[in-house]
Amino acid sequence: MITTTEVGSRLDRLYFSRTVQALRIWSGQFGRLLLPTDCVACGAPDQVLCAGCRRRLRRATVRPVAAEETAESLPLDGAGQPLPVTAGGPYRRELSRAILAFKNHGRTELAQVLAVVLAAALDAAAERAGRPAAAVLVQVPARGTSRRRRGYDPLQLLLTRMERQDLLPAGLQLLPAVRPVASGKRLMRWRTSAGQKSLGRTARQRNVAGSMAVPPRYIPLIADRGCLLVDDVLTTGATMAELARALRAAGGVPLGGAVLAAASAPAGHPDAPSPQAPGRSGDRENPQENVGDKSSKG
């Protein structure tokens with residue numbers, strides 16, 4: 001007799017199949033051709049991202065940046081150095097609004113813009129790791145509840161598009177080798193219902209601890225191989241640290257990471273807070289308030 005869990009699993013596989021997802025995304029984009037649309041960053045009519053905002057986003061992401069210095073929860077190597085993580089840009093203005101719209105508001109047409117940002121970050125991360133041969137790209141897995149609510153996995157959608165368009169670094173294989181850990185039958189171990197965005201460093205670490213694992217069938221594909229880790233936004237680094245832990249437990253070797261954006265701009269970046277004006281935020285957004293649905297991220 002088929003159990004409720006098996007039925008749910010089969011329905012999930014059907015819903016998230018390439019055919020169903022392509023039809024869902026196409027229908028959404030077709031609907032937006034018939035209905036008015038506004039720029040997600042400034043509200044200008046008729047384009048999902050107007051020409052001016054697109055130019056500003058490109059300027060903000062023209063040079064990927066090393067972001068590990070601002071993420072205090074990243075894992076350390078034997079020399080006490082954090083896992084190197086490269087960000088496409090700071091989580092500010094046009095980039096932050098594009099990421100939020102892509103993730104949480106169904107604006108999947110922004111994948112074309114964001115794929116270029118992530119491709120540059122991945123290429124820089126591979127360069128920092130020494131262009132490892134036979135390495136794999138492993139993304140932070142999405143929670144099942146988040147996938148069902150959105151109807152898609154934003155990061156997986158982005159990486160799959162990049163793979164089809166040959167935007168991934170040469171020689172690196174995209175491998176969905178890490179899954180959320182189930183507690184009991186179907187409950188995930190991301191335990192705090194408020195998610196990650198409202199938590200501090202220690203709470204974020206505790207919230208994701210032990211929440212990921214490599215399924216047995218993927219262990220032979222991971223063991224002794226270099227791994228580049230991929231996420232959307234880097235805040236404290238707790239989620240990236242948990243992904244690295246799961247890969248190490250399966251015999252993988254985390255070499256570095258890449259993200260679309262870093263919630264805190266690295267020192268020296270134009271968007272980094274000015275040391276002469278403590279406590280003043282100017283017109284900058286508070287990254288902790290705008291990370292969006294970071295229920296599985298940190």
Could you go through Leu49 and Gln112, starting from their C-alpha distance and side-chain angles, then the distance that decides it, and tell me whether this counts as side chain to side chain contact (heavy atoms under 4.5 Å, CB included)?
CA-CA 11 Å; Leu49 194 65; Gln112 179 181 1; over 6 Å; no

More than 12 heavy atoms from other groups under 6.0 Å of CG on Asp77:
yes

Go through Thr145 and Arg148 one step at a time and tell me if the side chain to side chain contact (heavy atoms under 4.5 Å, CB included) criterion holds.
CA-CA 5 Å; Thr145 52; Arg148 285 187 286 272; 4.0 Å; yes

Would the distance check show the side chain of Thr160 and the main-chain N or O of Leu157 forming a donor-acceptor pair, the cut-off being under 3.5 Å?
no

For Arg54, all residues meeting salt bridge (charged side-chain N to carboxylate O under 4.0 Å, His left out), sequence neighbours excluded
none

Drop me the distance from Leu122's CG to Glu127's CD, to the nearest 0.5 angstrom.
13.0 Å

Any chain of hydrophobic side-chain contacts (each under 4.5 Å) joining Leu174 to Val116?
no

Determine, step by step, whether Gln47 and Thr37 satisfy the side chain to side chain contact (heavy atoms under 4.5 Å, CB included) criterion, reporting the C-alpha distance in whole Å, the side-chain angles of both residues, the deciding distance to 0.1 Å, and the verdict.
CA-CA 6 Å; Gln47 298 182 70; Thr37 187; 5.7 Å; no

Taking the side chain as C-beta and beyond, is there a heavy-atom pair between Gln139 and Leu243 under 4.5 Å?
no

Measuring only between side-chain heavy atoms, which start at C-beta, is Val136 closer than 4.5 Å to Leu228?
no

Shortest non-hydrogen separation from Pro82 to Leu74 and the atoms involved:
CB-CB, 4.2 Å

Between the main-chain N or O of Leu221 and the side-chain N or O of Arg225, is there a donor-acceptor pair closer than 3.5 Å?
yes

Would you say Gln165 has more than 12 foreign heavy atoms packed within less than 6.0 Å of its CD?
yes

Spacing of Ser73 atom OG and Met240 atom CE [to the nearest 0.5 Å]:
12.0 Å

Regarding Arg143 and Asp153, does a basic nitrogen lie under 4.0 Å from an acidic carboxylate oxygen?
no

CZ of Arg161 to OG1 of Thr108: how many Å apart, nearest 0.5 Å?
9.0 Å

Would you call Ile222 and Val178 a side-chain contact if the rule is heavy atoms closer than 4.5 Å?
no

By side-chain contact (heavy atoms from CB on, under 4.5 Å), which residues pair with Arg245, not counting sequence neighbours?
Glu242, Ala249

More than 12 non-hydrogen atoms from neighbouring residues, nucleotides or ligands closer than 6.0 Å to CZ on Arg55, yes or no?
no

Of all the heavy-atom pairs spanning Ala87 and Ala121, show the shortest one and how long it is.
C-CB, 4.1 Å

With sequence neighbours excluded, give me every salt bridge (charged side-chain N to carboxylate O under 4.0 Å, His left out) pair touching residues 170-181.
none

Can you check whether Cys50 reaches Cys42 side chain to side chain, under 4.5 Å on heavy atoms?
yes

For Leu167 against Ala119, the heavy-atom pair lying closest together:
O-CB, 3.6 Å

Under the side-chain contact (heavy atoms from CB on, under 4.5 Å) rule, collect the residues that match up with Ala261, sequence neighbours excluded.
Tyr91, Leu95, Ile99

Less than 4.5 Å apart, any side-chain heavy atom of Arg56 and any of Arg93?
no

List for me each residue that meets side-chain contact (heavy atoms from CB on, under 4.5 Å) alongside Ala101, sequence neighbours excluded, and say none if there are none.
Val40, Arg107, Leu110

With no hydrogens and no angle check, is any side-chain donor or acceptor of Ser146 less than 3.5 Å from a backbone partner on Ala142?
no

From OG1 (Thr86) to CZ (Arg128), nearest 0.5 Å:
4.0 Å

The criterion is side-chain contact (heavy atoms from CB on, under 4.5 Å); which residues satisfy it with Pro154, sequence neighbours excluded?
Phe102, Lys103, Arg150, Tyr152

Is Arg59 salt-bridged to Glu94, cutoff N-O under 4.0 Å?
no

Which pair of heavy atoms, one from Leu118 and one from Leu159, lies closest together, and at what distance?
CD2-CD2, 3.9 Å

Could you check if a side-chain atom of Thr239 sits within less than 4.5 angstrom of a side-chain atom of Asp231, using non-hydrogen atoms only?
yes

Beyond-backbone contact of Pro75 with Leu83, side-chain heavy atoms, under 4.5 angstrom
yes

Quick check: do Val233 and Leu260 have side-chain heavy atoms less than 4.5 Å from each other?
no

Distance (rounded to the nearest 0.5 Å) between Leu229 CG and Leu234 CG:
11.0 Å

Nearest atoms (heavy-atom pairs only) where Pro254 meets Leu247
CG-CB, 4.4 Å

Evaluate the side chain to side chain contact (heavy atoms under 4.5 Å, CB included) criterion for residues Leu168 and Leu172: first the C-alpha distance (whole Å), next the side-chain angles of each, then the deciding distance (0.1 Å), finally the verdict.
CA-CA 7 Å; Leu168 297 178; Leu172 298 184; 5.7 Å; no

Can you see which heavy atom on Gly237 is nearest to which on Ala71, and at what distance?
N-CB, 4.0 Å

